[in-house]
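Take a look at the structure set out below.
First the proteins, then the strands, lettered A, B, ... as listed; each starts at 1.
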Number of protein chains: 2
Amino acid sequence: MDRFRRGNKQLIKDLNEALVIDQVRRFGPISRKDIAINTSLGASTVTYIVDSLLKEKYFTEIGSGISDYGRKPVLLQFNQRKSYIIALKIEEKQIIYGKFDLNARMLAKISHNFNPKDSVKAIFRLMADQINQWIAADTLPCSGIGIAAPGLVDQANQKIIHSPILEWEEVDFSKLEEEVQVPVYLENDANAIAHAELWDGRGEQFQNFICITIGAGVGAGIVVKNEIYRGEVGGAGEIGHIIIQRDGLLCYCGQRGCLEAYTSDRFIMAEALHLKELKLSPALNQVEQLTMNSILQAADSGDELVQELYQRVGENLGIGLKSIVNFFNPGAIVLGGEGLRAKKYIIPALRKELEDHFFSRHSKKLEIILIDLEENQWLMGAAAMVITQLFKEPLYREV
Amino acid sequence: MDRFRRGNKQLIKDLNEALVIDQVRRFGPISRKDIAINTSLGASTVTYIVDSLLKEKYFTEIGSGISDYGRKPVLLQFNQRKSYIIALKIEEKQIIYGKFDLNARMLAKISHNFNPKDSVKAIFRLMADQINQWIAADTLPCSGIGIAAPGLVDQANQKIIHSPILEWEEVDFSKLEEEVQVPVYLENDANAIAHAELWDGRGEQFQNFICITIGAGVGAGIVVKNEIYRGEVGGAGEIGHIIIQRDGLLCYCGQRGCLEAYTSDRFIMAEALHLKELKLSPALNQVEQLTMNSILQAADSGDELVQELYQRVGENLGIGLKSIVNFFNPGAIVLGGEGLRAKKYIIPALRKELEDHFFSRHSKKLEIILIDLEENQWLMGAAAMVITQLFKEPLYREV
DNA sequence: ACTCTAATTAATTCAGTCAATGAATCAAAA
DNA sequence: TTTTGATTCATTGACTGAATTAATTAGAGT
């Protein structure tokens, strides 16, 4: 009912401690003096708060800094080894585990295959075993488990509601939490990438942006006011099935004209097959078995028809994204994923399509940012989500 | 840089005062006791805070309430006459002015025509005159001016960046603020409707929703976490030109396949003309001059071809909205505007189109809400915006 | 029927608490 | 000696809880 905590001394303390921690995390190594200036807290107050935080091992003092004259400042550094985070990425046939410090740097990584036909219970067993093994092997405490999973995720209730890729329905992760005795945070995989982008700096430049991941499907992680936006039931960003062509191609989802139907590997494969059948493309004619790689090679060998095919994919993507840009007016679009392996041909066409939108006249231009999406990015995003959670401002009423 | 205020006694006080005011605004008449229970503040603290707020005329004591036993509670009511708000709606050829109390109830209303060819300076003169006249005539203070205007609005800088309807570019309202000596808050008109919806209760049910206004153009007011979302440069919600058909009809904006090209009065008129030319529709054949009204009458008379035309408009709208639903996952879509005069035919088709989207399997259904959009709604929204601003939690660092 | 008392709930008073604050002081360096 | 960083300490002020006062009802006694 009440959205904010009431004001009392505890709130002041929590708030200012968070403020000081934030300063050291963002600007450290930093002196007490500078913290006082940046936060506009009194110097004596900073001394007092830093003392208690030093006792709790949030920081370490790392000698003195430089100064032209007078006493040298004592520099405080964030202790990224106060505890650690375990991040998981659940894929179709394997689970990848990463161990991260509080600066979201990877300390260890491992992965286990599983049989998709196994029961959820068995897979939970597998996860809990690995997690508990890591926890037992480390003297430091584990502050949380971050899990990136494909599908419709209900973050607040720790549930995967529906995941076509995993073929899971209504899977409740609170049971995993019970087994590992550490807080478990679940997140949609596209959102994990958005967390990763927020972590290393795009969030400073842009208040609002979207991260598009193009792989088996097309997904979007949405950032509003530097926070992940999940929608009313946790499924915002499912842009694979927005319609770019009324009465267009039939999509596997049953609709016609979906974005995915016009951009997926399946679409590229079908169109390439068509070209091959019509014997229009010299490069494709030489290939025996069409694969995504051989199609790309055909384009790279200079085959214009195949290059045009990729350009069309770029246009299709651009049309879909233009709708989103008009509706959402993001500061940037971040793009990544294996679906962009032919980015050489796709991106210029996409850029061209996105050139004019409702805001193109505005002085602040829409930025299009390409990123490499390797395995580690997803894990890092999942870890970053937990760390963000750990250090978020303590303003809201604890439930 | 720092997003939140530092914690000190002033913050506690500001926060708790806001908390108490909020209680009385939402649940009043209410006793000190109940405020203490709801906010979890101490009873003595509530007495103390209420005392100071009574002195500042935020509340009035309105006698005692009921109780089975023991001392009767003294009820506090929000004083909606502490000050008032002036709201403006700027239209193509007229400006409508409304005076509102702090419960967003209209106290007075007037409108003045202006010549669209007049200079902005002259129109500002007109506005300032009316506003200053009202301010001079009232003994109470005016707390703010809320202005709803069509086009791309930069709220933070009090600027209309670009308004095709008014044919205004880069109009700076800080000059108006100087003339009236009262804070001026500018807002896009679709957002004003969203404010109105937030005000009377949709915001309690839904965290995230969108308000679609269908008039000369199609616009959307977007609500995220009970707050208006404006996008990176203030132009979120410009959905008139999202593309629903690749290589479709040419739109006046230069693009092909825009939502507006498939839903506007212009589209309906063109299609009806086409029907008339082909002499396919008996009802339209009898009409001399085609108008939006005569077309609607043709449908109402039972002409199936015209009814189908409206149904197609509904489908087109539905297709556009489905994309938005998949991307944004709102809890509700609120629809209104004169473009829906044929809602009898449009809405069923729209509903059908929206029936299956990515979340349709989720237990929480997407709600579609129709509202009447009369003149007063826009004014009320503009007033509600100012009042919301006036009473918002004082958590963020004052800039 | 009237008065008085106990019980109950609402509101206020008041001394105590504690985190921030600013002035004074200490520490370290040029 | 001067300058800058860090600490100490008395003061401030908003919340807090216990005690008190205010207002009301039920019920007992006359």
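- In this structure, A:V46 and A:I49 have side chains that are not in contact, with every pair of non-hydrogen atoms separated by 4.5 Å or more.
- Between B:N16 and D:dA14 there is no side-chain polar atom (N or O) within less than 4.0 angstrom of OP1 or OP2.
- Residue order along DNA chain D, read from the 5' end via each residue's closest nucleotide, puts B:Y48 first among B:Y48 and B:A43.
- Protein atom CG of B:D51 is 15 Å distant from nucleotide atom C1' of D:dC15, rounded to whole Å.
- Protein chain A contacts DNA chain C over a range whose 5' and 3' limits, counting nucleotides with an atom under 4.0 angstrom from a non-hydrogen atom, are C:dT17 to C:dA30.
- The CG-P distance, from B:D14 to D:dA14, rounds to 10 Å in whole Å.
- A donor-acceptor pair under 3.5 Å is absent between the side-chain atoms of B:N188 and the main chain of B:V153, judged by distance alone.
- No N or O donor and acceptor, one from the side chain of A:S64 and one from the base of D:dG5, sit under 3.5 Å apart.
- Nucleic acid contact class of A:V46 (heavy atoms, under 4.0 Å, all strands): none.
- A salt bridge is absent between A:K392 and A:E227; no separation between the charged side-chain nitrogens and carboxylate oxygens falls under 4.0 Å.
- For the residue pair B:D154 and B:Q158, no side-chain donor N or O sits within less than 3.5 Å of a side-chain acceptor on the partner.
- In this entry the distance linking CD1 of A:I66 with C1' of D:dG5 reads 15 Å, nearest Å.
- Phosphate contact (OP1/OP2 of D:dT16, side-chain N/O of A:R6, threshold under 4.0 Å): present.
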- Query: Could you go step by step and tell me if B:E232 and A:Q207 meet the side-chain hydrogen bond (donor to acceptor under 3.5 Å, both in side chains) rule?
  - Reply: CA-CA 7 Å; B:E232 192 77 4; A:Q207 292 264 309; over 6 Å; no
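- The CG-P distance, from A:N8 to D:dT16, rounds to 5 Å in whole Å.
- In terms of position on DNA chain C, the residue among A:Q10 and B:Y69 whose nearest nucleotide sits closer to the 5' end is B:Y69.
- Distance CG/B:N8 to OG1/A:T45: 9.5 Å, rounded to 0.5 Å.
- In this structure, B:E17 atom CD and D:dG13 atom P are separated by 15 Å, rounded to whole Å.
- With D:dC15, D:dG17, D:dA6 as the choices, the nucleotide that has an atom nearest any side-chain atom of A:P73 turns out to be D:dA6.
- Between A:D138 and A:K99 there is a salt bridge, since at least one side-chain N of the basic residue sits less than 4.0 Å from a carboxylate O of the acidic one.
- Between the CD1 atom of B:I49 and the P atom of D:dG13 there is a distance of 16 Å, rounded to whole Å.
- If you take CD of B:E61 and P of D:dA23, they are 12 Å apart, rounded to a whole angstrom.
- Heavy-atom nearest nucleotides on DNA chain C were determined for A:K9 and for B:G70, and the one closer to the 5' end corresponds to B:G70.
- For the pair B:K13 NZ and D:dT16 C1', the interatomic distance rounds to 17 Å; values are reported in whole Å.
- Here the side chain of A:R32 is nearest to one of D:dA26, D:dT7, D:dT16, namely D:dT7.
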